[in-house]
There are 2 protein chains.
Amino acid sequence: MSDIDLIIQRLELRGHRVTQSRRRVLDAVLAQPAHFTVDDVLRATRAPRRRGPPVGRATAFRTIRLLLDLNVLCRILLDDGTLHYRLSTRGHHHHLVCRDCGRVEDFTQCDVEPLVRELAKAMKYEIDAHWLEVYGRCRACRRSTKEPAGAR
Amino acid sequence: MSDIDLIIQRLELRGHRVTQSRRRVLDAVLAQPAHFTVDDVLRATRAPRRRGPPVGRATAFRTIRLLLDLNVLCRILLDDGTLHYRLSTRGHHHHLVCRDCGRVEDFTQCDVEPLVRELAKAMKYEIDAHWLEVYGRCRACRRSTKEPAGAR
DNA sequence: GTAGGATTGATACTTGGTATCAGGAGCCAT
DNA sequence: ATGGCTCCTGATACCAAGTATCAATCCTAC
């Protein structure tokens, strides 16, 4: 079963209708690179390749929001403060973002849970979510530009 | 030496001018509750109490940005995806946000560094920053509303 | 097929933030 | 204290991301 069918199934299960517009947004989302904005998706639904009418801006935003609710997408926070979107394949995970090339890696193995549990105890909070983003430079970018030591 | 004087000193050290407008923004920032938006600050500079002309919107944004650069303020990401600002007294730290009452606690003691170092090794990244926000309910809010178990 | 609620898309609006640029205020040297 | 240079300001316009509205249209169950 393909990605898109799985997502459509999830929509149906939650009682959402599977409309042409939603299909078009889904197609466009699946064709995106690692992370994207809603306008990237909008543009993609309007690309010459795609047949059929383009989807409306409001619908694109609504569909992305719906996909967030269904955990099909997740938000990622870039280090300049902008929010992008990204397919959320696995469940809970975090992002490792390369500042230079913008690539994003998911990670789950690096476990924050113990930290969070300890924090909950110390602060007497009941903790139900957390968000961790890590920024750096990936191997390829490090290799390609060796900056002199001491540079900002 | 008061908070405001310390901040002004920091401005001067970095070669920024200490203008009336910046003072007014600083006053307003220091009078804010735990976290705030730029418009909160802007409104505060226009409050009837304050004498003198109100600061312009652009200036408020510029000053906040400057304070971010000087590490006087930091951004916090609320769980609805909006960015707020907050006085950043200590250096690097994270936020624990109560979903109900919106209070924010800083924490540093709960150390993410080892996690990040391990991640760097595993992924072959050079990591230079991270961002962690934790969401939950504080003790007071838990006590005041005991929801039945199983409610989403 | 059809009814009726869910969805759409055009449009207008909101929010948060930046660019521009003429004029004003700080700061330094004198 | 007076220039004078530069940085800063604020009005305004703009931009990007996202939401509200609402009549028209589409899905789905029947």
Side-chain angles (χ1 to χ4, degrees), chain A residues 7-29 32 35-46 50 52-70 73-86, chain B residues 7-29 32 35-46 50 52-70 73-86:
Chain A
I7 298 172
I8 286 176
Q9 197 179 46
R10 216 186 296 190
L11 274 175
E12 286 170 339
L13 280 173
R14 302 289 187 96
H16 299 289
R17 293 184 178 170
V18 180
T19 64
Q20 281 313 306
S21 296
R22 283 180 178 163
R23 274 179 206 280
R24 274 194 288 269
V25 171
L26 270 180
D27 276 346
V29 160
Q32 291 300 305
H35 54 94
F36 50 86
T37 62
V38 177
D39 277 323
D40 291 335
V41 171
L42 242 185
R43 259 191 302 276
T45 69
R46 291 174 175 171
R50 320 252 159 205
V55 306
R57 219 173 85 89
T59 301
F61 275 100
R62 280 190 290 241
T63 306
I64 296 291
R65 188 159 22 126
L66 183 58
L67 294 176
L68 280 174
D69 288 347
L70 295 175
L73 295 181
C74 57
R75 284 190 288 221
I76 85 167
L77 178 71
L78 299 194
D79 63 341
D80 62 0
T82 59
L83 281 173
H84 280 215
Y85 300 90
R86 160 172 240 268
Chain B
I7 298 172
I8 286 176
Q9 198 178 45
R10 216 185 297 191
L11 274 175
E12 286 170 339
L13 280 174
R14 303 289 189 96
H16 300 287
R17 291 185 180 169
V18 179
T19 63
Q20 280 312 306
S21 296
R22 283 179 178 162
R23 274 179 205 279
R24 274 195 287 270
V25 171
L26 270 179
D27 275 347
V29 160
Q32 292 300 304
H35 54 94
F36 50 85
T37 62
V38 177
D39 279 323
D40 291 335
V41 171
L42 199 51
R43 258 191 303 275
T45 69
R46 291 173 176 173
R50 320 250 162 210
V55 306
R57 215 171 85 91
T59 300
F61 276 100
R62 278 189 290 240
T63 306
I64 296 291
R65 188 158 24 121
L66 183 58
L67 295 177
L68 279 174
D69 289 347
L70 295 175
L73 295 181
C74 57
R75 283 192 290 223
I76 86 167
L77 179 71
L78 299 194
D79 64 341
D80 63 359
T82 59
L83 281 174
H84 280 216
Y85 300 88
R86 157 170 242 269

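Because the structure is predicted, anything quoted here is derived from the model rather than measured. Below, each value reflects all heavy atoms present in this structure, side chains not excepted, and no hydrogens, waters or symmetry copies.
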Which listed nucleotide ([options]) is nearest to the side chain of [X]?
X       : options                : value
B/Val18 : D/dA17, D/dC27, C/dC27 : C/dC27
B/Val55 : C/dG16, D/dG10, C/dG17 : D/dG10
B/Ser21 : D/dG10, D/dG18, C/dG17 : D/dG10
A/Arg57 : C/dG16, D/dA17, C/dG9  : D/dA17
B/Arg17 : C/dG9, D/dA17, C/dA25  : C/dA25
A/Gln20 : D/dA17, C/dT18, D/dC27 : D/dC27
B/Thr19 : C/dG9, C/dT18, D/dT9   : D/dT9

Of A/Thr59 and B/His84, whose nearest nucleotide on DNA chain C comes first from the 5' end?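 Going by which nucleotide is closer to the 5' end, it is A/Thr59.
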Please state how far atom CZ in A/Phe36 lies from atom C1' in D/dG18, giving the value in whole angstrom units.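 Nearest whole value for this atom pair: 16 Å.
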Measure the distance from NE2 on B/His16 to C1' on C/dA25 and round it to the nearest whole Å.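 Atom NE2 in B/His16 sits about 17 Å away from atom C1' in C/dA25.
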Under 4.0 Å from OP1 or OP2 of [N]: is there any side-chain N or O of [X] that close?
X       : N      : result
A/Tyr85 : D/dG18 : yes
B/Arg24 : D/dT9  : no
A/Arg22 : C/dT8  : yes

Which heavy atom of A/Arg46 sits nearest a heavy atom of A/Pro54, and at what distance?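 Closest heavy-atom pair between A/Arg46 and A/Pro54: CG-CB, 3.4 Å.
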Would you kindly compare B/Gly56 and A/Ala58 by the position of their nearest DNA chain D nucleotide and give the one closer to the 5′ end?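 Looking at the nearest nucleotide for each, B/Gly56 comes out on the 5' side.
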Applying side chain to side chain contact (heavy atoms under 4.5 Å, CB included) between A/Val38 and each of A/Val29, A/Val25, A/Ile64, report the one that passes.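 Passing option: A/Ile64.
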Given B/Arg22, which partner from the list B/Asp27, B/Thr63, B/Ile8 fulfils the side chain to side chain contact (heavy atoms under 4.5 Å, CB included) test?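 The passing option is B/Thr63.
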Using C1' atoms of five pairs at each end, report the bend of the helix from C/dG1-D/dC30 to C/dT30-D/dA1 rounded to 10 degrees.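 Answer for the end axes of this duplex: 30°.
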Pair of N/O donor and acceptor under 3.5 Å linking C/dG9 base with A/Arg62 side chain: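 It does, because a donor-acceptor pair links the side chain of A/Arg62 to the base of C/dG9 below 3.5 Å.
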Taking side-chain contact (heavy atoms from CB on, under 4.5 Å) as the test, write out the residues that go with A/Gln32, two or more places apart.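 Here the qualifying residues are A/Phe36, A/Asp40, A/Val41, A/Ala44.
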